[in-house]
Every structure is written in C-alpha cells, then in structure tokens.
Amino acid sequence: MPAYIVVEIDVHDSVKYEEYKTLTPISLAKYQGRFIVRGGNTESLEGGWNPKRFVVIEFPNKEMAKKWWASEEYAPARTIRYATAKSKMILVEGLQS
C-alpha cells in the first residue's frame with residue numbers, strides 16, 4: 001500500500017534551506033520516494049490553515065518511507081532542515097490500488 005510523508009514547513013533561513021532542497025531529492029532515489037507536492041502555492045479553503053511551504057512525498061509503502069526518514073542518505077538534509085525551518089511531518093498510508 002502506498003504511503004505518504006506530508007510536511008508543513010516554515011522556513012526561517014531561506015538561503016541555507018536551498019541546500020536542503022538540493023540534497024533531499026537525491027536521498028529519495030534508493031527508497032523509491034517521489035515528490036507529489038513540493039512548495040506550490042496553497043490556498044486555505046477551511047479552518048484558516050495557511051502553511052507557508054507544503055510537501056507530499058509518495059513511497060511504495062510505509063516501511064520504505066520510514067527507512068528513508070531514518071537513513072544516512074537523508075541525515076545531512078534533515079540536519080539542515082532542523083537548523084533552517086520549523087516543520088511538522090506525518091506519515092499516512094494511502095489506498096490500495
């Protein structure tokens with residue numbers, strides 16, 4: 001069953017965050033992750049939710065998503081994200097085809 005990592009991000013150091021944006025796609029390849037949504041404009045329809053940056057990454061299953069998040073490939077990017085942004089991240093399973 002596909003799984004998705006969904007992230008709401010508030011970047012406070014946009015210059016350094018550019019390095020995160022470069023490193024993350026490279027780290028996804030081994031774990032078959034792919035961006036579904038990456039930083040496009042958002043529009044609040046209900047509840048006043050206005051994320052400044054929003055990302056959705058698809059994986060073949062939740063195990064691959066968790067392996068990517070904990071991987072040595074993603075670790076350098078994750079460290080940069082922690083230093084340059086405040087974020088909320090969840091893992092959600094999708095529908096079976």
Side-chain angles (χ1 to χ4, degrees):
M1 168 182 320
Y4 302 88
I5 290 183
V6 179
V7 192
E8 178 182 349
I9 306 164
D10 183 2
V11 177
H12 55 78
D13 182 344
S14 58
V15 173
K16 186 70 173 169
Y17 190 79
E18 288 299 315
E19 186 176 356
Y20 173 81
K21 288 170 42 179
T22 301
L23 293 173
T24 301
I26 298 164
S27 72
L28 290 169
K30 178 178 175 181
Y31 303 92
Q32 301 172 42
R34 68 182 186 105
F35 288 105
I36 302 297
V37 174
R38 187 178 188 200
N41 292 327
T42 63
E43 179 181 345
S44 180
L45 299 177
E46 290 187 24
W49 184 26
N50 293 302
K52 293 182 179 173
R53 183 172 177 81
F54 194 78
V55 176
V56 178
I57 308 168
E58 181 182 52
F59 292 87
N61 54 57
K62 71 179 183 179
E63 290 78 17
M64 290 292 272
K66 290 168 85 171
K67 285 180 182 178
W68 167 77
W69 183 83
S71 73
E72 63 183 48
E73 292 87 357
Y74 181 56
R78 186 175 54 246
T79 299
I80 293 167
R81 181 171 52 84
Y82 288 165
T84 62
K86 182 178 177 182
S87 55
K88 297 177 184 176
M89 181 182 290
I90 62 169
L91 173 61
V92 60
E93 290 183 309
L95 299 173
Q96 288 184 307
S97 302

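Hydrogens, waters and symmetry mates are skipped; everything else that's a heavy atom, side chains included, is used.
- Within the 4.5 Å cutoff, no side-chain heavy atoms of Tyr17 are placed close to those of Ile80.
- Between Ile9 and Val7, the shortest heavy-atom distance links the atoms CG1-CG1, 3.4 Å.
- Taking OG of Ser14 as the start and NZ of Lys21 as the end, the distance is 8.5 Å to the nearest 0.5 Å.
- Closest approach of Ser27 to Glu73, counting heavy atoms only: CB-O, 3.5 Å.
- Between Glu63 and Lys66 no salt bridge is recorded (no basic side-chain N to carboxylate O distance below 4.0 Å).
- For the residue pair Gln32 and Pro60, the shortest heavy atom distance occurs at OE1-CG, 3.3 Å.
- Remark: side-chain polar atoms of Thr42 are not paired, donor with acceptor, to backbone N or O of Asn50 under 3.5 angstrom.
- Both Phe35 and Tyr74 are members of a single hydrophobic cluster when ILVMFWY side chains are connected at heavy-atom separations under 4.5 Å.
- Side chains of Lys67 and Lys30 form no contact here, defined as non-hydrogen atoms less than 4.5 Å apart.
- Using the six-membered ring where Trp is involved, Phe59 and Trp68 have ring planes that are tilted, between 30° and 60° apart.
- With salt bridges taken as basic N to acidic carboxylate O contacts below 4.0 Å, one links Lys52 and Asp10.
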Would Phe54 and Val6 satisfy side-chain contact (heavy atoms from CB on, under 4.5 Å), going step by step from the backbone distance to the final call? CA-CA 8 Å; Phe54 194 78; Val6 179; 3.4 Å; yes

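- Linking Ile, Leu, Val, Met, Phe, Trp and Tyr residues whenever their side-chain heavy atoms come within less than 4.5 Å leaves Ile26 and Ile57 in two separate clusters.
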Please lay out, stage by stage, how Leu28 and Arg34 fare under the test side-chain contact (heavy atoms from CB on, under 4.5 Å). CA-CA 7 Å; Leu28 290 169; Arg34 68 182 186 105; over 6 Å; no

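- Of all heavy-atom pairs between Gly94 and Met1, the closest is O-SD, 3.0 Å.
- Under the 4.5 Å side-chain contact rule for hydrophobic residues, Val37 and Tyr20 do not share a cluster.
- Note on Trp69 and Val56: separate hydrophobic clusters, where clusters join Ile, Leu, Val, Met, Phe, Trp and Tyr whose side-chain heavy atoms are under 4.5 Å apart, directly or indirectly.
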For a side-chain contact (heavy atoms from CB on, under 4.5 Å) check, start with the C-alpha distance between Met89 and Arg81, then their side-chain angles and the critical distance, and finish with the verdict. CA-CA 12 Å; Met89 181 182 290; Arg81 181 171 52 84; 3.4 Å; yes

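- Residues Gly39 and Arg53 come closest through the heavy atom pair CA-NH1, 3.5 Å.
- Note on Tyr82: it clusters hydrophobically with Ile5, by side-chain heavy-atom contacts below 4.5 Å among ILVMFWY residues.
- Residues Tyr4 and Ile90 have side chains not in contact (no heavy-atom distance under 4.5 Å, counting atoms from C-beta outward).
- Rounded to the nearest 0.5 angstrom, Glu19 CD and Thr24 OG1 are separated by 10.0 Å.
- The shortest heavy-atom contact between His12 and Ala83 is CE1-O, 3.2 Å.
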